[in-house]
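We count residues from 1, following the sequence as given.
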Amino acid sequence: SFQYVGNYGDALASLPSDRYWVHNDTLYSSEELIKNFPGAGTYSSDEVAVCGVDAYGLLYADGTLVLQKGDAVDSAYGPLITSSGVVLLTATNKLRDTLDGKKVHKVIVKDFIVGRTTFASFFEHFTNLTEIVDFYKLDARNVTSCESMFASFSTDYSCASLTSIDLSKCNFNSCTTFETMFNSCAKLETVIMPSTTGSLTTCREMFKNCTSLKTAILPFDTSHMTKQGLYYMFRNCTSLGVTPEMNWDLSNASDEYFFSGVFFDCTSLKEADISGWIMPTSARVSNIFYNCPIEKITVGANYHNIYSSRS
């Protein structure tokens, strides 16, 4: 089965050039499709939805929020929660501004949606959200910010019921900030992020107060990180027993607070491997493992000019 997502002109500028066919979550050009699947398949002409034009969110009475093309109600999900359970997705709007986020338990991205330019505070107030299905269909290639995307500064407004999230299929190459992205998501245990982060400048407090976090797969491109890049990134992640694998180029770190308190108050952290960090010529690593019961630390070969303060 193949889905065609072409014919939207400039709206498809965020998709890879000429890759407008989808099969098993993978984009193909027409030439690739013919080469890999000659003479086989069922083809659909369903097109993508465009933010500000025909991309909608529909909240049903069972707590399911469906993001889709058009505002047609699907009886398979039951009745809408109320007449106010329909929102037009624009390039920048926050769902909480229209919908009662506390009533959302599940998000399904039904159709491919393009045209978003920010995910800042996008799921804020979704305190009972437990599952997101096919998030990769919500195109992120033009998104410049994921600040507080699932978060707030307390569990009262963060996605405090979310236990896992897989964003590995997303393209965040235009995004500059993951600051406080999951802040205070207290039940979050597993996070899988993509490597397509070519413009990323900061992960400041990205997982702060994620007290259940145990596994984080973070294959980031960090070569553009500068000021406060890792500042308190995992602060108070009290269930984290070992550091994630972090093969990160941090050679452009230019701020004295860049490395401050990265694992501050990670009270279960016993093993730390930061050998994959490519460090700048000189760097201050203040309180990086403060109040951590560290038993073993592995560092890289270029740490000879690193100095610390209460690390």
Side-chain angles (χ1 to χ4, degrees), residues 1 3 5 22 24-25 44 46-116 118-140 143 146 148-152 154-170 181-192 210 212-213:
S1 181
Q3 182 183 29
V5 292
V22 179
N24 286 349
D25 302 340
S44 169
D46 294 341
E47 296 172 331
V48 296
V50 179
C51 288
V53 179
D54 59 356
Y56 284 87
L58 277 69
L59 178 57
Y60 290 85
D62 68 350
T64 300
L65 174 62
V66 180
L67 306 182
Q68 63 181 50
K69 177 182 174 67
D71 60 356
V73 176
D74 188 339
S75 61
Y77 299 109
L80 290 179
I81 192 165
T82 65
S83 58
S84 63
V86 179
V87 56
L88 175 68
L89 296 181
T90 69
T92 60
N93 65 334
K94 301 170 185 177
L95 293 173
R96 64 172 171 80
D97 291 340
T98 305
L99 304 176
D100 184 350
K102 292 186 177 182
K103 294 183 179 179
V104 178
H105 295 269
K106 182 178 182 179
V107 173
I108 299 174
V109 187
K110 183 179 178 181
D111 299 311
F112 282 86
I113 297 174
V114 299
R116 286 293 300 189
T118 180
F119 284 143
S121 301
F122 191 59
F123 293 111
E124 187 182 18
H125 291 207
F126 282 37
T127 54
N128 295 307
L129 177 65
T130 61
E131 184 181 6
I132 301 177
V133 178
D134 291 341
F135 183 84
Y136 73 93
K137 291 182 179 179
L138 189 54
D139 185 63
V143 167
C146 288
S148 300
M149 181 176 176
F150 301 93
S152 184
S154 73
T155 54
D156 293 337
Y157 302 106
S158 293
C159 295
S161 300
L162 192 65
T163 59
S164 65
I165 185 83
D166 184 351
L167 301 178
S168 60
K169 294 179 182 178
C170 297
M181 186 173 182
F182 298 100
N183 192 1
S184 297
C185 291
K187 293 185 179 180
L188 189 65
E189 297 181 6
T190 303
V191 176
I192 305 175
C210 290
S212 299
L213 187 67

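Judged by distance alone, with hydrogens and angles left aside, the side-chain atoms of Asn93 form a donor-acceptor pair with the main-chain N or O of Leu88 at under 3.5 Å. Between the Asp54 side chain and the Val50 main chain, a donor and an acceptor come within less than 3.5 Å of each other. Panel note: side chain Ser161, backbone Leu129; no donor-acceptor pair is recorded below 3.5 Å. Looking at Ser158, its side chain never comes within 3.5 Å of a backbone N or O of Ala160 through a donor-acceptor pair. Without hydrogens or angle criteria, Tyr60 side chain to Asp74 main chain gives a donor-acceptor distance under 3.5 Å.
Of the inter-residue distances, the one linking Ser212 atom OG with Glu189 atom CD reads 6.0 Å to the nearest 0.5 angstrom. Atom CG of residue Leu138 and atom CZ of residue Phe119 lie 4.0 Å apart, to the nearest 0.5 angstrom. Taking SG of Cys159 as the start and NE2 of His125 as the end, the distance is 10.5 Å to the nearest 0.5 Å. To the nearest 0.5 Å, the span separating CZ on Phe112 from NZ on Lys69 amounts to 13.5 Å. Considering CG of Leu89 and CD1 of Ile113, their distance stands at 5.5 Å, rounded to 0.5 Å. Annotation: the span from Leu67 atom CG to Lys137 atom NZ amounts to 11.0 Å, rounded to 0.5 Å.
Looking at every heavy atom in both residues, Gly115 comes nearest to Ala91 through O-CB, 3.3 Å. When all heavy atoms are compared, the tightest approach of Leu213 to Thr190 is CD1-N, 4.4 Å.
With a 4.5 Å cut-off on side-chain heavy atoms, Phe123 and Leu162 do not count as touching. Residues Phe150 and Ile132 are in side-chain contact: their nearest non-hydrogen atoms beyond the backbone lie under 4.5 Å apart. A 4.5 Å side-chain heavy-atom check between Tyr136 and Asp134 finds at least one atom pair inside the cut-off. Side-chain atoms of Leu95 and Val104, non-hydrogen and from C-beta on, never get closer than 4.5 Å to each other. With a 4.5 Å cut-off on side-chain heavy atoms, Leu167 and Met181 count as touching.
For residues 78-106, no residue pair satisfies the ring-ring contact (aromatic ring centres under 6.0 Å, His included) rule, not counting sequence neighbours.
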What do the steps show when you test Ser148 against Asn183 for side chain to side chain contact (heavy atoms under 4.5 Å, CB included), and what is the final call? CA-CA 7 Å; Ser148 300; Asn183 192 1; 5.9 Å; no
Worked check of side chain to side chain contact (heavy atoms under 4.5 Å, CB included) between Lys106 and Val66: CA-CA 8 Å; Lys106 182 178 182 179; Val66 180; over 6 Å; no
For Phe135 and Ile165, run side chain to side chain contact (heavy atoms under 4.5 Å, CB included): C-alpha distance rounded to whole Å, both residues' side-chain angles, the deciding distance at 0.1 Å, then the answer. CA-CA 9 Å; Phe135 183 84; Ile165 185 83; 5.6 Å; no
Trace of the side chain to side chain contact (heavy atoms under 4.5 Å, CB included) decision for Tyr77 with Leu58: CA-CA 10 Å; Tyr77 299 109; Leu58 277 69; over 6 Å; no
Ignoring hydrogens and angles, write down the donor-acceptor pairs under 3.5 Å from the side chains of residues 96-103, residues two or more places apart or on other chains.
{"from": "Arg96", "atom 1": "NE", "to": "Glu124", "atom 2": "OE1", "distance (Å)": "2.8"}
{"from": "Arg96", "atom 1": "NH2", "to": "Glu124", "atom 2": "OE1", "distance (Å)": "3.2"}
{"from": "Asp100", "atom 1": "OD1", "to": "Lys102", "atom 2": "N", "distance (Å)": "3.3"}

